[in-house]
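Because the structure is predicted, anything quoted here is derived from the model rather than measured.
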Amino acid sequence: MKTSSKQKTFLLTALLTLTLSGCATVPNVQYGDAGSAKPMSTEFGSSDLQQIAASLVDSLITFPPIIELTAQKRPVISVDRVKNKTMQHIDTESITDTVRTKLIRSGKFRFIDRTTDSAAIEEIKTQQDSGLVDKKSAVNFGGQAGADFLLTANFSEIRQKAGSVTDVYYKFTMNLKNLRTGVLEWSDEKEIRKVFNKSLFGG
Amino acid sequence: MSILKLKHLILLALIALSFAGCASTSGIEAIAKVIPGDGQTELNKSIIVNNRSLASDIEITDIKSAFTGNMLKVQLSLRSKSRDTVALQYRFDWLDVQGFEINSNQSWKPFLIYGKETRTIQGVAPDPRAREFKLNLRDPDEVNTN
């Protein structure tokens with residue numbers, strides 16, 4: 001009788017261990033959702049990037065003067081560097097890349113990418129000078145389209161700390177500047193607030 | 001022997017708890033289809049509740065859609081039935097006229113709704129082909145995988 005009850009307890013413990021370990025696999029690596037909105041810290045994260053890009057793109061393509069402007073043609077935009085005024089090292093080009101991708105996919109705008117210009121110059125030079133390329137199909141210098149608009153952006157943060165609470169406010173402002181007139185045709189901003197409360201237990 | 005029984009009970013409760021920890025709960029889905037050419041009329045408007053506790057806090061009171069330019073724009077009104085602030089996450093899925101999903105890499109977005117408040121969620125289609133959409137609402141606390 002004594003042994004059987006011991007055995008029972010052992011079995012139950014084994015079962016308990018199994019069920020507990022059921023949630024964790026070894027090694028503990030798994031694929032997550034790339035679109036997850038779970039904040040890990042008050043630092044700038046992937047969800048913040050996605051929220052900023054989605055909100056600004058939605059705002060731009062539904063702004064009435066922009067709808068009018070893009071109804072007949074697809075204006076050409078050049079993207080300026082983001083002025084990063086936060087305390088963090090953030091790959092701001094990644095934010096403007098996402099904005100640009102979304103805008104291109106909306107079918108309303110076309111873009112000029114100045115970051116790949118040196119490679120383009122190299123390619124055109126080869127086409128012109130190497131003697132390998134048929135002159136009739138070779139691309140000439142001076143044929144590229146000029147941008148109608150410049151997309152500029154500012155990124156700032158306000159960080160406050162009181163006791164165990166850290167409060168970070170992010171503001172991403174984007175402007176669309178008409179290069180012919182210098183007028184800002186559109187502007188909008190996305191605000192994000194992240195609050196971290198370092199609790200007494202854990203944290 | 002009675003102590004042993006108690007032990008077994010505790011163990012069983014622990015097992016049950018550990019199982020409950022793995023359970024994942026889906027949220028609320030709102031689906032609507034728009035008749036091409038006329039953004040204001042909707043077909044097949046439906047709300048699917050997969051999470052009763054979330055549905056007891058949040059109610060979708062209105063679904064609206066319109067075309068701005070050639071882009072489908074939608075708005076859903078949410079009413080909080082709770083006294084407390086409810087933290088939610090939402091994500092739009094967009095489908096074309098044939099029901100194919102467009103741009104499946106939509107991300108979850110956080111959304112706060114204060115007690116007894118009515119707020120709206122707006123979404124704009126990623127491209128002009130969208131004619132149908134689905135709003136997914138979920139409780140961030142009940143999401144296990146990131």
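- Residues of residues 45-56 of chain A that come closer than 4.5 Å to chain B, counting heavy atoms only, are A:Ser47, A:Gln50, A:Gln51, A:Ala54, ordered by residue number.
- Inter-residue side-chain proximity for A:Lys171 and A:Thr173 is flagged as met; some heavy-atom pair is nearer than 4.5 Å.
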Please table the atom pairs, donor to acceptor, closer than 3.5 Å between any side-chain atom in residues 68-80 of chain A and protein atoms at least two apart or in another chain.
{"residue": "A:Thr70", "atom": "OG1", "partner": "A:Ile66", "partner atom": "O", "Å": "2.8"}
{"residue": "A:Thr70", "atom": "OG1", "partner": "A:Ile67", "partner atom": "O", "Å": "3.3"}

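- Residues B:Trp94 and B:Pro126 form a side-chain contact, since some pair of their non-hydrogen atoms from C-beta on lies under 4.5 Å apart.
- Between the side chains of B:Asp127 and A:Ser106, not a single donor N or O lies within less than 3.5 Å of an accepting N or O.
- With a 4.5 Å cut-off on side-chain heavy atoms, A:Val165 and A:Lys161 do not count as touching.
- With hydrogens and angles left out, the side-chain atoms of A:Gln160 and A:Asp167 include no donor and acceptor closer than 3.5 Å.
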